[in-house]
Amino acid sequence: MSEQDTMGQPEDLAIVIPVWNIPQDLVFLLTQISRMNIFSEVIVCDDASDVDCNPEHLGFTSETLGARLTYIRSPEQRGAGAARNIGLAAVNAKNVLFFDADDHLSEKLPLIWRRHIRDEIPDFTIFRHTDSRVLNSEGREASFATDERQWDVALGKTNEKLLTREQSAHLCTISAYPWNKIYRTGFLRSQKINCSETPVHNDIRLHWLSFLKARSILAVREIGAIHIVGERDHHLTTRRGEERLCINEILEDLTNSIRESHRNTIFMRHFIHFVDTICRWNLNQVDHDIRAKFSELTLTAYLRFHPDEFRVFALWQPEKAESIVKFLLREGA
């Protein structure tokens with residue numbers, strides 16, 4: 001029997017899908033799942049939708065999906081992070097993939113899944129994705145150039161590898177998405193890793209703590225997801241108000257977690273780079289009337305870093321460090 005033949009057999013993999021008010025997208029994703037036949041559990045977490053997002057009412061059952069179907073509806077809207085956490089608590093499978101209802105699975109995902117379970121199962125397997133903005137503008141399957149460069153740094157000319165600490169620290173700086181990794185469920189639970197239950201940026205905690213605490217990470221260059229970006233209320237690019245300020249608590253918690261880790265030095269310098277990038281990106285996105293608040297938040301985020309931590313970062317990224325110092329002098333005056 002060939003590898004392609006064995007791919008039709010469902011394995012011990014759950015998919016957790018948060019959904020809010022997009023039943024038509026959920027139908028597309030569930031149809032993909034029914035055809036892919038690699039999942040043992042499908043857990044749909046409805047974040048108090050105003051329209052019917054119950055999979056059974058949309059024509060899907062455990063039989064049609066080829067996997068046990070669980071539908072959980074929250075009595076009040078709490079955000080995608082809370083929905084994912086609710087789904088994770090309900091998982092029985094030994095492995096889990098979080099996936100947003102408005103994104104698409106790639107036909108390569110079964111190959112990625114087979115690599116995840118081929119030998120000793122890693123704490124998680126990370127894979128590439130393509131962004132619809134790149135696909136539409138450039139006609140190629142890829143994420144943005146900044147992420148692609150980090151993949152090249154981490155993997156070199158290989159298509160997959162178990163990452164060293166240095167390589168994992170580099171790859172950690174790609175966009176913090178929840179749906180580009182297959183996790184061991186036991187790893188997430190034993191390390192108490194989940195999403196922050198914030199209105200936006202709820203996947204940053206999951207992403208960084210996964211890299212920080214994993215002992216074994218498999219990186220696979222294959223594209224396993226297609227990220228569909230549009231102008232919808234729940235998309236980060238459309239959120240410009242005070243809800244963006246929630247990132248302050250997330251960054252503070254992660255700074256402390258990295259500082260307490262035995263991987264402190266190598267991860268901290270990459271984290272400082274990330275903090276600078278995400279804060280400046282937000283400053284360009286938020287409404288004008290809260291820009292002063294976000295500028296103050298950015299100052300606070302920079303000043304959390306100890307002088308020795310910033311010194312290591314400055315030796316690694318002198319131009320970026322100089323830019324941060326100029327921001328401190330200008331905005332802190």
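Predicted model, so just to flag it, every value in this text is computed and none were measured.
In this structure, the side chain to side chain contact (heavy atoms under 4.5 Å, CB included) partners of Leu254, at least two apart in sequence or on a different chain, are Ile204, Trp208, Leu209, Ile250, Phe271. In terms of the side chain to side chain contact (heavy atoms under 4.5 Å, CB included) criterion, residue partners of Leu283 (sequence neighbours excluded) are, by chain and number, Arg291, Phe294, Ser295, Thr298, Phe327. By the side chain to side chain contact (heavy atoms under 4.5 Å, CB included) test, Glu222 pairs with Lys108, Ile112, Arg115, Val220, sequence neighbours left out.
Arg128 has a carboxylate O that lies under 4.0 Å from a charged side-chain N of Glu148, or vice versa, which qualifies the two as a salt bridge. Under the 4.0 Å criterion applied to side-chain N and carboxylate O atoms, Glu309 and Arg259 are assigned as salt-bridge partners.
By the 30° and 60° cut-offs, the orientation of the rings of Phe313 relative to Phe310 is tilted.
With a 4.5 Å cut-off between side-chain heavy atoms of Ile, Leu, Val, Met, Phe, Trp and Tyr, the cluster of Val134 takes in Phe144.
When each of Leu111, Ile223, Leu109, Leu218 is tested with Phe127 by the rule side-chain contact (heavy atoms from CB on, under 4.5 Å), just one qualifies, namely Leu109.
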For residues 79-92, tabulate all N or O donor-acceptor pairs below 3.5 Å that involve a side-chain atom, not counting sequence neighbours.
from	atom 1	to	atom 2	distance (Å)
Arg84	NH1	Asn202	OD1	2.8
Arg84	NH2	Asp100	OD1	3.0
Asn85	OD1	Cys195	N	3.0
Asn85	ND2	Gly81	O	3.4
Asn85	ND2	Cys195	O	2.9
Asn85	ND2	Glu197	OE2	3.0

Listed pairs under 3.5 Å, donor-acceptor, residues 175-186 side chains, sequence neighbours left out:
from	atom 1	to	atom 2	distance (Å)
Ser175	OG	Asp147	OD2	3.0
Trp179	NE1	Asp103	OD2	3.3
Lys181	NZ	Tyr177	O	2.7
Lys181	NZ	His207	ND1	3.0
Tyr183	OH	Ser210	OG	3.0
Arg184	NE	Asp123	OD1	3.4
Arg184	NH2	Asp123	OD1	2.5
Thr185	OG1	Ala93	O	2.9
Thr185	OG1	Lys94	O	3.3
Thr185	OG1	Asn95	N	3.3

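Checking Ser323 against Arg280 by side-chain atom types alone, a donor-acceptor pair falls below 3.5 Å. Residues Thr164 and Glu166 bring no donor and acceptor atom of their side chains to less than 3.5 Å of each other.
The closest donor-acceptor contact from the side chain of Glu331 to the backbone of Leu299 lies at 3.5 Å or more, if one exists at all.
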